[in-house]
Visitor: 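The structure is given below, and queries will be raised subsequently.
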Amino acid sequence: MSKEITTREADYSQWYNDLVIKGELADHSSVRGCMVIKPYGYALWENMRDQLDKMFKATGHVNAYFPLFVPKSLFEAEEKNAEGFAKECAVVTHYRLKNDPNNKGKLIVDPEAKLEEELVIRPTSEAIIWNTYKGWIQSYRDLPLLINQWANVVRWEMRTRLFLRTAEFLWQEGHTAHATKEEAIEETTKMLDVYAEFVEHYMAVPVIKGVKTANERFAGAEDTYCIEALMQDGKALQAGTSHFLGQNFAKAFDVQFLNKENKKEFVWATSWGVSTRLIGALIMAHSDDQGLIMPPRIAPLQVVIVPIYKGEESKPIIDEKVASLIKDLKALGISVKYDNSENARPGWKFAEYELKGVPVRVAMGLRDIENNVVELARRDTKEKSTVSFEGLALHILQLLEEIQQQIFNKALAFRNENIREVNSWDEFVEILDTKSGFVSAHWDGTSETEDKIKEQTKATIRCIPLDNKQENGKCILTGNPSTQRVLFARAY
RNA sequence: CGGGAUGUAGCGUAGCCCGGUUAUCGCGCCUGGUUUGGGACCAGGAGGUCGCAAGUUCGAAUCUUGCCAUCCCGACCA
């Protein structure tokens, strides 16, 4: 009773907040717009990070680390990028505090300690990284340069929401340099594939791969590729982006190399990133009114074992039986917690681990031991079953796999049910207002039309799907000719 | 940054309109005991700058002003 969760139907936003806070993933901090990621949430991020890191390394990338601060002169070098981020930058102007002469025990910024040049706290690292790359790249032999950074960035957002939009967030940003345009584009789509693979296979969230329109493009990019996911409330969420930056940054920072013919050329660039926002996607894609639902492959905890004691003498018997199960599970690489704490009764523990989304729960009492069985409960469907103790660890391994599949299939079915083709403006507006989800419609290809649609419906073009079929049609707003449908949605 | 709401113990709250002894209740927490198959029970106990600052007053959680923070709705965004 202590941890009531608002239902999705009653208040979707509140439901989301309840899951994050009561599920102990994160909390508001005393810093405006910044959250504290709690151990359970951080363990989830670590699992996501570790898996992605493996995938980056498998595709030839290495990690490095660049400064948090970007001198303003470097930041402004690539104009579009600077302009795009300018209004959400935190800026360091001083380097020292001193005692307030008028207010004992208080500190003030020392006006004497003004920086010669302001330092921008990175909202993204293209500027500092390309400034550095200039010194690293001289010859075609130095290319490609395939670097990733795990870091925090700061974007001073007006309105923040836990994980979805915080002033400071954790992410990774890949920054690569290539000798040819073709190779850079190939890198861009390769990393988009890595993201799609990760989000679908590990997070069990189905995504649509696509290209952004000019309006939605990353500031400073030639093309922005993205993966778009659908949340349970019918709103879309951009889960990852991969940018083909052309030669914009190379030109801004004068990064040239000598090719085989001994001629100077500007290098071609990409950048790509995913952030802790993915955790928000994970929550909103799978969870229910009882709490979080963690996909087994990245769950901070895969299995929890709850003992059902009956009298003091039952404890050592159950503990011993559980110990052998834990050993078997760990041998299979399954993370497991034995919650034999005595300050909470079984019912409380059941509810608590459901709230936290632990995929599989094992309950074991004397009754079970007599019959050589345990009670297994799966979080996704809440089904319980009685299973023999023999071969139990393998059975659980299989069950985890099944849950992973089931969660993905459910999300996929929901997503597919919520992509609707429409052919008229009235239909377009009605679907957005009543059913939401992705709306596949014809668009005349102009930014003006896209702006007008956004103004009138709050829906944006999420992407032009990569595998889009070509078909002639008429723009839903202007009636002008169109050669393909694009995906609209209201988005986070 | 515009519109609306809120701020009292770890959490949720009563009291505020109409100022007046020791700030209400529930959950949680601590101690002891009984319990344990879906959010246990009994007994005792601890815990408060009433968001912050100033003002009015003999007296402020309560009235006034300013500030801060949070939430919701817009604009912005991964």
Side-chain angles (χ1 to χ4, degrees), chain A residues 1-6 11-14 16-18 21-22 27-35 84-89 103 123-124 152-173 195 212 215-219 224 226-229 236-243 271-281 290-291 306-312 314-315 318 339-355 361-371 373-375 377 382 384 386 454-455 458 460 462 491-492:
Chain A
M1 300 300 175
S2 62
K3 289 190 174 179
E4 285 290 328
I5 294 172
T6 308
D11 185 343
Y12 193 83
S13 298
Q14 192 56 48
Y16 175 80
N17 276 336
D18 283 354
I21 292 170
K22 294 177 180 170
D27 231 329
H28 294 289
S29 71
S30 19
V31 188
R32 180 198 175 90
C34 296
M35 64 179 170
F85 284 102
K87 58 188 178 304
E88 54 195 61
C89 286
N103 202 346
T124 180
N152 58 339
V153 289
V154 170
R155 297 182 187 177
W156 214 263
E157 302 288 352
M158 306 258 181
R159 260 183 78 192
T160 57
R161 289 195 65 191
L162 294 166
F163 288 115
L164 295 174
R165 198 186 306 108
T166 46
E168 180 193 11
F169 57 92
L170 304 182
W171 77 344
Q172 59 69 218
E173 46 182 328
Y195 287 156
K212 288 290 188 190
N215 280 16
E216 302 284 322
R217 199 176 283 154
F218 176 75
T224 287
C226 62
I227 47 174
E228 292 286 330
L237 188 144
Q238 181 175 308
T241 49
S242 184
H243 314 291
S271 71
W272 26 275
V274 296
S275 71
T276 37
R277 189 182 217 207
L278 280 178
I279 293 176
Q290 275 71 50
V306 177
I308 315 288
Y309 293 133
K310 279 253 195 322
E312 279 297 318
S314 69
K315 291 180 183 176
I318 295 170
D339 188 351
N340 59 352
S341 59
E342 299 198 19
N343 54 355
R345 297 166 83 248
W348 191 90
K349 292 174 186 174
F350 292 171
E352 180 67 11
Y353 291 107
E354 273 163 20
L355 169 57
R361 180 183 75 229
V362 179
M364 200 194 293
L366 282 185
R367 197 173 77 195
D368 302 304
I369 291 178
E370 277 165 25
N371 298 322
V373 296
V374 298
E375 182 191 82
K382 299 200 70 184
K384 292 186 209 175
T386 303
K454 184 178 177 182
E455 223 171 90
K458 288 184 232 161
T460 50
R462 300 319 302 158
Y492 277 97

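Chain letters run A, B, ... following the sequence lines, proteins first, then strands; residues in each count from 1.
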Visitor: Between B:A78, B:C76, B:U36, which one does the side chain of A:T166 approach most closely?
Guide: B:A78

Visitor: Considering only the C1' atoms, how many Å lie between B:G15 and B:A60, rounded to the nearest integer?
Guide: 14 Å

Visitor: Test your reading of the model: is there a side-chain donor-acceptor pair from A:K315 to the backbone of A:N340, 3.5 Å cut-off?
Guide: no

Visitor: Do the side chain of A:Y16 and the main chain of A:L162 share a donor and acceptor less than 3.5 angstrom apart?
Guide: yes

Visitor: Under a 4.0 Å N-O cut-off, is there an ion pair linking A:E228 with A:K212?
Guide: yes

Visitor: Regarding B:G38, can its base be found pairing with the side chain of A:K384 as donor and acceptor, where the two atoms are less than 3.5 Å apart?
Guide: yes

Visitor: When the P atoms of B:G55 and B:U8 are compared, how many Å lie between them, rounded to an integer?
Guide: 25 Å

Visitor: What's the closest nucleotide to the A:R345 side chain, out of B:U70, B:A75, B:G37?
Guide: B:G37

Visitor: Separation of A:F169 atom CZ from B:C76 atom C1', in whole Å?
Guide: 14 Å

Visitor: Does B:C50 have a Watson-Crick or wobble partner in any strand here, with both distances under 3.5 angstrom, and which is it?
Guide: none

Visitor: C1' atom, B:G59 versus B:A23: distance in rounded Å?
Guide: 16 Å

Visitor: Categorize A:G33 for me: base, sugar-phosphate, or nothing, with a 4.0 angstrom heavy-atom threshold over every strand shown.
Guide: sugar-phosphate

Visitor: For B:U65 and B:U70, measure between their P atoms and round to the nearest Å.
Guide: 23 Å

Visitor: Rounded to whole angstrom, note down the C1' distance from B:U24 over to B:G12.
Guide: 13 Å

Visitor: 5'-most contact on RNA chain B: A:N343 or A:F163, nearest heavy atom basis?
Guide: A:N343

Visitor: Name the closest nucleotide to the A:N17 side chain, picking from B:C76, B:C72, B:A78.
Guide: B:C72

Visitor: Whether the side chain of A:R277 engages the backbone of A:L164 through a donor-acceptor N/O pair (distance < 3.5 Å, no angle test) should be reported.
Guide: yes

Visitor: Using modelled atom types only, decide if a donor and an acceptor are shared between the side chain of A:R155 and the backbone of A:E88 within a distance under 3.5 Å.
Guide: no

Visitor: Between B:G7 and B:C17, how far apart are the two P atoms, rounded to whole Å?
Guide: 14 Å

Visitor: With respect to the side chain of A:S13, which nucleotide from B:G37, B:U35, B:C72 is positioned closest?
Guide: B:C72

Visitor: With both distances under 3.5 Å as the test, what is the Watson-Crick or G-U wobble partner of B:G19?
Guide: none

Visitor: Suppose you measure atom P in B:G26 against the same atom in B:C18; what distance do you get, rounded to whole Å?
Guide: 30 Å

Visitor: Figure out the CD/P separation between A:E342 and B:G39, and round it to whole Å.
Guide: 19 Å

Visitor: Hey, which sits more toward the 5' end of RNA chain B by its nearest nucleotide, A:E455 or A:F350?
Guide: A:F350

Visitor: Between B:C76, B:G74, B:G37, which one does the side chain of A:K458 approach most closely?
Guide: B:G74

Visitor: If we call it a pair only when both distances are under 3.5 Å in a Watson-Crick or G-U wobble match, what pairs with B:G59?
Guide: none

Visitor: Give me the distance, rounded to whole Å, that separates B:G66 from B:G2 when you measure between the P atoms they each carry.
Guide: 14 Å

Visitor: Measure the distance from CG on A:D27 to C1' on B:C11 and round it to the nearest whole Å.
Guide: 11 Å

Visitor: Does A:Q14 reach a base, just sugar-phosphate, or nothing at all? Heavy atoms under 4.0 Å.
Guide: nothing

Visitor: Which label fits A:W272 and A:Y195: parallel for a plane angle under 30°, tilted from 30 to 60°, or perpendicular past 60°?
Guide: perpendicular

Visitor: Need the pair for B:C76. Rule: Watson-Crick or G-U wobble, both distances under 3.5 Å, any strand; none if unpaired.
Guide: none

Visitor: Within the side chain of A:T224, is there an N or O that forms a donor-acceptor pair under 3.5 Å with the backbone of A:F218?
Guide: yes

Visitor: Could you tell me the separation between the CG atom of A:N340 and the C1' atom of B:U35, rounded to a whole number of Å?
Guide: 16 Å

Visitor: For B:U70, give the paired nucleotide (Watson-Crick: N1-N3 plus N6-O4 or O6-N4; G-U: N1-O2 and O6-N3; both under 3.5 Å), or none.
Guide: B:A5

Visitor: Who does B:C29 pair with, Watson-Crick or G-U, both distances under 3.5 Å?
Guide: B:G45

Visitor: Among the nucleotides B:G39, B:G37, B:C76, which one has an atom lying closest to any side-chain atom of A:D368?
Guide: B:G37

Visitor: Separation of A:F85 atom CZ from B:A78 atom P, in whole Å?
Guide: 6 Å

Visitor: Report the base-pairing partner of B:U35 (Watson-Crick or G-U wobble, both distances below 3.5 angstrom), or none.
Guide: none

Visitor: Nearest 0.5 Å please: distance from the CG atom of A:L366 over to the CD1 atom of A:I318.
Guide: 4.5 Å

Visitor: What nucleotide, of B:C76, B:G37, B:U36, holds the atom closest to the side chain of A:A363?
Guide: B:G37

Visitor: B:U36, B:A78, B:G39: which one has an atom nearest the side-chain heavy atoms of A:S275?
Guide: B:A78

Visitor: Measuring from the side chain of A:P346 (C-beta onward, heavy atoms only), which nucleotide among B:U36, B:A78, B:C76 has the closest atom?
Guide: B:U36

Visitor: Nearest to the A:R361 side chain among B:U36, B:G38, B:C77, which nucleotide is it?
Guide: B:G38

Visitor: Can you tell me the distance, in whole Å, between the NE2 atom of A:H28 and the P atom of B:G7?
Guide: 17 Å

Visitor: What's A:Q238 touching, base or sugar-phosphate or nothing? Going by heavy atoms closer than 4.0 Å.
Guide: sugar-phosphate

Visitor: Please work out if A:S314 contacts a base, only the sugar-phosphate, or nothing of the nucleic acid, heavy-atom cut-off 4.0 Å.
Guide: nothing

Visitor: Do the side chain of A:K349 and the main chain of A:D339 share a donor and acceptor less than 3.5 angstrom apart?
Guide: yes

Visitor: Quick one: does A:R165 reach the base of B:C77 with a side-chain donor-acceptor pair under 3.5 Å?
Guide: yes

Visitor: Can you tell me the distance, in whole Å, between the OH atom of A:Y12 and the P atom of B:C72?
Guide: 14 Å

Visitor: What is the distance, rounded to the nearest whole Å, between atom NZ of A:K22 and atom P of B:G10?
Guide: 17 Å

